[in-house]
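Please read these numbers as outputs of a predicted model, since none were measured by experiment. Sequence positions, counted from 1, serve as the residue numbers for this chain. These values consider heavy atoms only, across backbone and side chains, with no hydrogens, waters or symmetry-generated copies.
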Amino acid sequence: MKRLPRIEQYGLIGDMQTSAHVCDDGSIDWLCLPRFDSPAPFAGLLGTPKHGAWRITPAATYDGGSGTVAERRYVGDSLVLETVWTTPSGSTKVTDFMPPRDGAPQVIRIVEGLVGEVAMVSTLRARPGYGRVSPWIHELGGRLIAEAGGDALWLDTATEQSEKDGAIVSSFTVTEGESVAFVLSWGPSHGAAPEIPDPEAALAETLAFWEGWTSQCTYNGPHREAVIRSLITLKAMTYAPSGGIVAAPTTSLPEEIGGGRNWDYRYTWLRDASTTLASLLGTGYRQEAEAWRRWLLRAVAGDPENLQIMYGITGERDLQERELEWLPGYENSAPVRVGNGAADQLQLDVYGYVIETLYLAHQSGVARCSDSAVLHQRLIEHLAERWQMPDEGIWEVRGERRHFVHSKVMAWVAIDRTIRLVEAGALDADLFALMELRDAIHHEVCSRGFDPVRNTFTQSYGSQEVDAALLLIPRVGFLPPDDPRVRGTVDAVRQQLSTSEGLVRRYPTAGDHVGLDGLDGDEGAFLLCSFWMVDALALTGRLEEAHALFDRLLSLRTGLGLLAEEYDPATGRQLGNFPQAYSHIGVIGSALLLQQLDSEAPATNADVLLAAGV
């Protein structure tokens, strides 16, 4: 009987078009094909193995025997995952990877004997349609295929295969020096059979791809291993054909075990993608920025007046939210949702994030694009008309719209960065009118969004709550770090939103605050917000405290260096969709900022922020 794994027990493999979650018991429990947002034929992560899984493991461990995972790691700076098993009769290594795609999407699993002799079992139970459909398993041209509707899954291996209880099963033995490869390929059921690759050649090519990509990283400071692993994870969540970036490759992993705060993150949020690109630009990657700019133009340019906060990975607008009643959810945390209703929300801060990224791209040497300049101007014109409206804010509350301070601050960022581009001759606009607008936004935020009695900015105009997003005020340059209002806000967030370990929640959700965001239940500490606290402490001169919190956050990473959206200090486990782009953005941004502030010749504030990808 397969145990219920924790989120942090999963590793990620992918081909920059989709990805798979591999548990430390040898089971792939989540895989969407052929894209990140496609239905999953392996959905056991949100239910049980009966909803789709593919497990390769020593026979001795299959039903909870004495075999153990001796080692689990990525091969160098790559997305190739190795698991070494030790059994009473010997040891074996399973190498899991997805080659960067040039044709059909494929998952390749190579089993290699290391010592002695090990009996192995492979059980592939495909259930297309998010675990709902039992496929037709049959032989075609000497190859086994599982077909259902428009999906065809081909499993190729040299070992004997048979169908048992709706699964494809192989039992085999490997001895020292022997290897057995399995190749799972997806294709449309009406199409031609996919070619069978050479597994060893595919492995070499995959490793070479990642080695070449990571060699472009310009960061050589402290914690480089953590930064590189986060960069690889972000790259893995980039949809290569379009340049779109998903917020996470999963849906409905809960923010509270047993709760209903379960959302589909397999789409491109303008905010998340922008901050991801900022991290990549800050570490030397410009090609991704150029690809994302093309994605942005395709998704937004024709209709910027109806700017959405998120789109599909190729720019789709219709992300209708629905529930999959047949899936019980991760640890019975229902509902399981696909689509995301927040796509229709008004979130004014996205203007700031998008324009900030266009500004950083210019500063990083990405060539000027006349089409993006036109889009930029239209976005600013539209923002000038809307910035005084209430919105749903960065956290996508499903309650009443409010005048969120963070939204107004990011509107100020949009105007400020536009002014900088105009002054640099990279954009043509009315400089005087922009300066007046920037001053007006700044004045309103400081007068309506600041509580002088408590010496803190507030979550929204006139509210009593604080919000972790207020920590970004010095990071984006709205006020200098030594301003007493900034220090007061940092102290208020620490006092009201920090856990005993120093981790930071997004905003209050318990006690008298239940339901203020339009949702029931609670959530864990938000990891990105905790990295924001690292940055705020560092910028306000508390470097020792910043380093201590940063080290604490790095210690929360899995053994493979991955982070989910949230962390529950009470149970010591990760929560939310996994891995989460936002959390890995936090790793990179804080590492870059701390390096700059620790340098012997401190840079100017503007240089620090640019180098840190802000």
Side-chain angles (χ1 to χ4, degrees), residues 270-271 274 278 281 289 293 296-297 300-307 346-391 393-394 403-450 457 461 469-470 472-483 485-486 603-610 614:
L270 294 183
R271 179 191 306 109
S274 297
L281 283 168
R293 186 170 65 182
L296 180 69
L297 288 168
V300 177
D303 192 22
E305 290 78 13
N306 294 305
L307 183 73
L346 173 64
Q347 296 176 22
L348 293 171
D349 65 302
V350 299
Y351 289 88
Y353 285 101
V354 169
I355 290 172
E356 171 79 339
T357 303
L358 294 174
Y359 168 74
L360 287 173
H362 170 78
Q363 293 293 90
S364 299
V366 176
R368 183 178 185 272
C369 170
S370 58
D371 291 330
S372 63
V374 171
L375 172 61
H376 188 148
Q377 290 170 328
R378 292 180 68 184
L379 289 174
I380 287 297
E381 291 168 2
H382 198 51
L383 178 61
E385 297 173 355
R386 308 183 79 183
W387 75 269
Q388 291 179 300
M389 297 173 62
D391 71 344
I394 183 174
H403 290 281
F404 286 99
V405 169
H406 174 71
S407 295
K408 310 299 186 185
V409 168
M410 292 308 296
W412 177 91
V413 168
I415 305 304
D416 177 75
R417 299 326 186 245
T418 303
I419 290 171
R420 297 188 194 190
L421 288 172
V422 173
E423 291 175 333
L427 199 66
D428 184 21
D430 186 336
L431 187 60
F432 180 75
L434 287 170
M435 287 180 169
E436 281 196 324
L437 179 56
R438 180 177 64 179
D439 291 344
I441 298 173
H442 198 279
H443 175 74
E444 180 175 296
V445 171
C446 291
S447 60
R448 299 185 62 189
F450 181 74
F457 285 92
Y461 291 172
L470 300 172
L472 292 173
I473 287 174
R475 195 78 156 87
V476 300
F478 184 83
L479 285 173
D482 58 359
D483 189 295
R485 292 169 292 183
V486 169
T604 65
N605 191 54
D607 289 337
V608 167
L609 298 180
L610 177 60
V614 179

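Between V405 and Y461, the closest side-chain pair of non-hydrogen atoms falls below 4.5 Å. Contact of the R417 side chain with the W412 side chain is registered, since non-hydrogen atoms from C-beta on lie closer than 4.5 Å. With a 4.5 Å cut-off on side-chain heavy atoms, H362 and V366 do not count as touching. Looking only at side-chain heavy atoms (C-beta outward), I355 and S274 stay at 4.5 Å or farther from each other. Between C446 and R485 there is a side-chain heavy-atom pair separated by less than 4.5 Å. Looking at T357 and L296, their side chains never come closer than 4.5 Å, going by heavy atoms from C-beta outward. Side-chain atoms of L431 and M435, non-hydrogen and from C-beta on, do get closer than 4.5 Å to each other. The side-chain heavy atoms of L307 and H382, taken from C-beta on, include no pair separated by under 4.5 Å.
Shown here for F450 and F457, the closest heavy-atom pair between the two residues is CD1-N, 3.6 Å. K408 and W387 make their closest contact through NZ-O, 2.7 Å (heavy atoms, listed as atom of the first residue, atom of the second, distance). Minimum heavy-atom separation, V422 to L434: CG2-CD1, 4.1 Å. For the pair S407 and G393, the tightest heavy-atom approach, listed with the atom from each and the gap, is OG-CA, 3.7 Å. Scanning all heavy atoms of the two residues, the minimum distance from P390 to H403 falls at N-CE1, 3.5 Å. The two atoms that bring I394 and A469 nearest to each other are CG2-CB, 4.2 Å, heavy atoms only.
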Checking side chain to side chain contact (heavy atoms under 4.5 Å, CB included) for the pair V354/V300: CA distance, chi angles, key distance, verdict? CA-CA 11 Å; V354 169; V300 177; over 6 Å; no
Pair L421, H376 - check side chain to side chain contact (heavy atoms under 4.5 Å, CB included), show working. CA-CA 11 Å; L421 288 172; H376 188 148; 3.5 Å; yes
Are Q363 and R420 close enough, and set up right, to give a side chain to side chain contact (heavy atoms under 4.5 Å, CB included), and what steps lead you there? CA-CA 10 Å; Q363 293 293 90; R420 297 188 194 190; over 6 Å; no
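H442 and R438 share no donor-acceptor pair across their side chains, judged by distance under 3.5 Å alone.
A donor-acceptor pair is defined here as one N or O able to donate and one able to accept, closer than 3.5 Å; such a pair exists between the side chain of D391 and the backbone of L348. Panel note: side chain S372, backbone C369; a donor-acceptor pair is recorded below 3.5 Å. The backbone N or O of D428 sits less than 3.5 Å from a side-chain atom of Q377, completing a donor-acceptor pair.
In this structure, the separation between CG on L379 and CD on E305 is 8.5 Å, given to the nearest 0.5 Å. Taken from CZ in R386 to CD in E381, the straight-line distance is 14.0 Å, to the nearest 0.5 Å. To the nearest 0.5 Å, the span separating CZ on R293 from CG on L375 amounts to 11.0 Å. A distance of 11.5 Å separates CD1 in I380 from CD in E385, rounded to the nearest 0.5 Å. One finds the CD1 atom of I419 at 11.5 Å from the CZ atom of F432 (value rounded to the nearest 0.5 Å).
Evaluated for a side-chain contact (heavy atoms from CB on, under 4.5 Å) with H406, the options I473, D349, V445 yield exactly one hit, D349.
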